[in-house]
Amino acid sequence: DGIQRKIDWTGSGFTFVGSAENGQEALELAESLHPDVVMTDIKMPFMDGLALAGIVRQEFPRMKVVIISVHNDFEYAQRAIRAGVERYLLKPISRSALQKVLQEIREKIEEDREQNNYREKYKEDMQEYEQFSRRVFFEKVFEGHLSVQEIYEEAQKFSLEMDASSYNLAMVSLREKRNMEEHSKESRLVAGKREELTRFFQRYPEFLMFRWNISTYGILLKGEEEQMEELKGKCREAIVRICSGHDSEIEWCCAIGEPVKRLSMLPQVYSKV
């Protein structure tokens, strides 16, 4: 209570969100409120501060834990380090010193968030680049711009298994009815259907799904010659089930070609789909 009254939380860049009388209650609050910082003593009923810090660090890695204690003991400090405590402060601590610590922690939190945002953006950019490169690869395959040898070499870069005795192609177009005039970006509803399709086809090595343009996706079917009719049926059934559903806001269409026995014949399949 003294710390709560002592600190200018708003001026320090924080909002005080709750207090607890013991470690167990503090953990429950942390689980429900997800604070950026947990400040705790060591000696508490039911669960001490070091145990609390260890659990918080394990379950909420981005949460910062500050321990304020009278125990000026090397063993406690070692345990605090192992528990991932951000700061180990000794009582008594002045208001100005505590606010300085909070300011430093806030700056670190903001820096961590910037780094995390950068990593997420980098990850998204890499995924977009990979998807674009994969899309270009399949465009070259189905437009006949690659030899069979080049297809295998390029496929290896994407860890795609292209070897089979028979091939086919399915194309599915999705768009939101109320968004018919806007083709510049994928709507949330369409993205949801696309993710469902992707999750389904990723489960089977006989299917390779790829993006063709903003609203159209291709599925390469590959397998033994006697499998192709079965694969065609499974592909069609999955597309109908996922795209139809109970969502009348989505307009979609699907076309599936006829199987061929060589990679070099895939452009013929595409021209007829």
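Hydrophobic clustering (side-chain heavy atoms under 4.5 Å, transitive across Ile, Leu, Val, Met, Phe, Trp, Tyr) keeps Leu221 apart from Leu208.
Shown here is Gln156, whose CD atom has no more than 12 heavy atoms of other residues, nucleotides or ligands within 6.0 Å.
Between Phe142 and Phe138, the ring planes are parallel. Angles under 30° get that label, and only those over 60° would be called perpendicular.
The side chain to side chain contact (heavy atoms under 4.5 Å, CB included) test applied to Lys123 returns Gln127, not counting sequence neighbours. Taking the side chain to side chain contact (heavy atoms under 4.5 Å, CB included) definition, one finds that Ser94 meets it with Ser96, Ala97, sequence neighbours left out. Under the side chain to side chain donor-acceptor pair (under 3.5 Å) criterion, Lys121 pairs with Asp125, sequence neighbours left out. Listed by chain and number, the residues in a side chain to side chain donor-acceptor pair (under 3.5 Å) with His145 are Glu143 (sequence neighbours excluded). Residues meeting the side chain to side chain contact (heavy atoms under 4.5 Å, CB included) test with Ser173, sequence neighbours left out: Thr216, Cys253. Under the side chain to side chain donor-acceptor pair (under 3.5 Å) criterion, Glu130 pairs with no residue at all, not counting sequence neighbours.
Within the structure, ring pair (Phe, Tyr, Trp, His ring centres under 6.0 Å) contacts touching residues 149-176 (residues at least two apart or in different chains) are Phe137-Phe158. Sorted by first and then second residue, the ring pair (Phe, Tyr, Trp, His ring centres under 6.0 Å) pairs with a member in residues 250-273 read Trp212-Tyr270; sequence neighbours excluded. Residue pairs meeting the ring pair (Phe, Tyr, Trp, His ring centres under 6.0 Å) criterion with at least one member in residues 89-124, sequence neighbours excluded, do not occur. Applying the ring pair (Phe, Tyr, Trp, His ring centres under 6.0 Å) test to pairs two or more places apart or on separate chains, none has a residue in residues 78-99.
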Which donor-acceptor pairs under 3.5 Å do side chains of residues 225-236 form with protein atoms, sequence neighbours excluded?
from   : atom 1 : to     : atom 2 : distance (Å)
Gln227 : OE1    : Glu224 : N      : 2.8
Lys232 : NZ     : Glu258 : OE2    : 3.0

Which atom pairs, donor and acceptor, lie under 3.5 Å between side-chain atoms of residues 45-63 and protein residues at least two apart or in another chain?
from  : atom 1 : to     : atom 2 : distance (Å)
Asp48 : OD1    : Leu50  : N      : 3.1
Asp48 : OD1    : Ala51  : N      : 2.7
Arg57 : NH1    : Pro61  : O      : 3.3
Arg62 : NH2    : Asn116 : OD1    : 2.9

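Looking at Leu220 and Val141, their side chains never come closer than 4.5 Å, going by heavy atoms from C-beta outward.
The two residues Phe210 and Ile219 make their nearest non-hydrogen contact at CE2-N, 4.0 Å.
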